Student: 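I have a structure here, written as structure tokens, and I will follow up with some questions on it.
Worth saying up front: this structure is predicted, and the values here are computed from it rather than measured. Hydrogens, waters and symmetry mates are skipped; everything else that's a heavy atom, side chains included, is used.
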Amino acid sequence: MKSKLIITLLVTFFIGIGKAQTTAEAYLALLPPVPGKPCELSTDDINSFTNKMEALIRKIETEIDKRENALNSLVEKKQKKDAAEKRKKSDMTEEDLENLEKMSQAEIMEMMTQPERIEKSKDKKSMISKESMDKRMKEFEKAQKIFQSGEDFESSYKKFQSKYNDLRINYESDLKQQNKEFEAFAISLGPINDGEGSTPADHAKMRQLIEKIRKLGKKLCSDYTTLYESILEEFRSDIERKIPNIRYIEEIQMRDEGLENKDIEPLKAVKTFFRGYIFLADYFFNLDKVVPNWRLWQ
């Protein structure tokens with residue numbers, strides 16, 4: 001009996017996961033962990049991480065495409081339905097509509113202000129109730145506050161981009177400083193004969209050079225991997241916190257258009273984060289990346 005209960009709970013759990021994975025929050029939960037200790041990873045480790053991220057990005061892109069196609073189909077159907085209803089309500093023929101398209105804005109306004117036109121437009125079905133108008137105004141005000149307070153996705157992305165650009169500039173600067181430090185260290189060791197007739201003293205100096213560049217390279221790698229991880233974590237937390245706002249904005253936009261919300265914008269936000277996260281592999285530097293020629297000194 002106990003084993004049957006456990007099986008039932010497991011089945012329920014995995015079914016729940018299957019359903020939940022259609023949400024932006026569930027996609028974030030699929031993020032693979034950072035593999036092992038940064039700067040000491042093999043090429044295979046880095047490639048494995050990159051492959052997992054690329055597969056996840058393809059998965060969310062497929063889901064976005066599917067939802068956008070479904071939305072486009074709904075929009076097309078609604079446009080045809082709206083056009084048919086407008087023709088029916090206005091008692092206009094196809095010829096009338098063609099003539100209307102040729103009219104100037106002033107001519108249309110003049111036509112709409114004619115008494116008989118005003119009377120026809122006063123049926124209760126075509127009028128927006130005060131309650132409905134008040135609700136829409138409140139929704140608009142809430143959306144406006146979201147943008148003004150920076151609680152939208154675009155604000156998070158701009159902040160992430162700014163910090164990432166600063167990081168790259170600082171990295172280039174620190175790399176130049178590292179090279180200067182290495183050159184100064186090499187000069188302090190004095191001349192080294194690494195060819196024919198080299199002595200044990202030459203070999204010892206060469207080992208010191210290799211150890212120095214390894215030490216400098218590992219520190220640079222470790223520092224910037226940690227910094228980039230912290231920027232990404234802040235970006236991820238921002239998105240996770242703002243998903244309800246991103247979803248809300250899309251929802252009221254869809255409702256105004258008389259369409260069903262497909263929850264597309266939250267997925268796009270997560271996809272953008274995934275694109276940033278996959279670049280984490282660029283910060284898993286090994287010595288071949290930080291100092292490409294270090295092996296020549298072995």
Student: Verify side chain to side chain contact (heavy atoms under 4.5 Å, CB included) between Thr272 and Phe153, making sure each step is shown before the conclusion.
Tutor: CA-CA 10 Å; Thr272 301; Phe153 171 69; 3.7 Å; yes
Student: Which of these passes ring-ring contact (aromatic ring centres under 6.0 Å, His included) with Tyr277: Phe279, Phe273, Phe274?
Tutor: Phe273
Student: Would Tyr228 and Tyr164 count as a close aromatic pair, with their ring centres under 6.0 Å?
Tutor: yes
Student: Taking NZ, NE, NH1 and NH2 as the nitrogens, is one of them in Glu151 or Arg241 under 4.0 Å from a carboxylate oxygen of the other?
Tutor: yes
Student: Begin from the C-alpha positions of Phe185 and Leu216 and carry the test side chain to side chain contact (heavy atoms under 4.5 Å, CB included) through to its verdict.
Tutor: CA-CA 11 Å; Phe185 179 74; Leu216 289 172; over 6 Å; no
Student: Side chain to side chain contact (heavy atoms under 4.5 Å, CB included) with Leu189: which of Met206, Gln208, Lys212?
Tutor: Gln208
Student: Given Lys268, which partner from the list Glu68, Glu250, Glu63 fulfils the salt bridge (charged side-chain N to carboxylate O under 4.0 Å, His left out) test?
Tutor: Glu68
Student: Closest approach of Ile278 and Thr50, non-hydrogen atoms and distance?
Tutor: CD1-O, 3.9 Å
Student: Rounded at 0.5 Å granularity, tell me how far CD1 in Ile213 sits from CG in Leu209.
Tutor: 9.0 Å
Student: Can you name the closest pair of heavy atoms from Cys39 and Ser222 and give their distance?
Tutor: SG-N, 3.2 Å
Student: Work out which heavy atom in Leu175 is nearest to a heavy atom in Leu220; give both atom names and the distance.
Tutor: CD1-CD2, 3.7 Å
Student: Establish, from distance only, whether the side-chain atoms of Asp174 and Tyr224 form a donor-acceptor pair under 3.5 Å.
Tutor: yes
Student: When rounded to the nearest 0.5 angstrom, what distance separates CD in Glu172 from CG in Leu167?
Tutor: 10.5 Å
Student: Is Glu61 salt-bridged to Arg58, going by a charged N under 4.0 Å from an acidic O?
Tutor: no
Student: Check whether any side-chain heavy atom of Met53 sits under 4.5 Å from a side-chain heavy atom of Leu280, and report yes or no.
Tutor: no
Student: Do Glu229 and Tyr283 touch side chain to side chain, with heavy atoms closer than 4.5 Å?
Tutor: no
Student: Do Phe182 and Asn179 have side-chain heavy atoms sitting under 4.5 Å apart?
Tutor: no
Student: Is there a side-chain contact between Arg207 and Glu211, using heavy atoms and a 4.5 Å cut-off?
Tutor: no
Student: Under a 4.0 Å N-O cut-off, is there an ion pair linking Glu234 with Arg236?
Tutor: no
Student: Between Leu71 and Ile264, which heavy-atom pair has the shortest distance, and what is it?
Tutor: CD2-CD1, 4.0 Å
Student: Could you check whether Lys159 pairs with Asp238 (Lys NZ or Arg NE/NH1/NH2 to Asp/Glu carboxylate O, under 4.0 Å)?
Tutor: yes
Student: Salt bridge (charged side-chain N to carboxylate O under 4.0 Å, His left out) for Glu54 and Lys52? Distances and angles first, verdict last.
Tutor: CA-CA 6 Å; Glu54 286 176 346; Lys52 286 177 184 176; over 6 Å; no
Student: Regarding Glu154 and Lys158, does a basic nitrogen lie under 4.0 Å from an acidic carboxylate oxygen?
Tutor: yes
Student: Do Asp152 and Asn245 make a side-chain contact, defined as non-hydrogen atoms from C-beta onward lying under 4.5 Å apart?
Tutor: no
Student: Are any non-hydrogen side-chain atoms of Phe49 and Leu41 less than 4.5 angstrom apart?
Tutor: no
Student: To the nearest 0.5 Å, how far apart are CD1 in Ile60 and CG in Asp65?
Tutor: 11.0 Å
Student: Could you check whether any side-chain N or O of Asn193 sits under 3.5 Å from a backbone N or O of Glu196, counting only pairs where one atom can act as donor and the other as acceptor?
Tutor: yes
Student: Taking all heavy atoms of Pro35 and all of Asp45, pick out the closest pair and write down the distance.
Tutor: CG-O, 4.5 Å
Student: Output the distance between atom OG1 (Thr199) and atom NZ (Lys205), rounded to the nearest 0.5 Å.
Tutor: 7.5 Å
Student: What's the separation between atom CG in Leu56 and atom CG in Leu28, rounded to the nearest 0.5 Å?
Tutor: 9.0 Å
Student: Where do Ser155 and Lys242 come nearest, in terms of heavy atoms and distance?
Tutor: CB-NZ, 4.4 Å
Student: Would you say Tyr171 and Leu227 make side-chain contact, with heavy atoms under 4.5 Å?
Tutor: no
Student: Step by step, work out the side chain to side chain contact (heavy atoms under 4.5 Å, CB included) result for Glu260 and Lys262.
Tutor: CA-CA 6 Å; Glu260 177 189 352; Lys262 296 295 182 183; 3.6 Å; yes
Student: Within the structure provided, determine whether Arg247 and Ile243 are in side-chain contact (heavy-atom separation under 4.5 Å).
Tutor: yes
Student: Please round to the nearest 0.5 Å and tell me the distance separating atom NZ of Lys218 and atom CD of Glu40.
Tutor: 4.5 Å
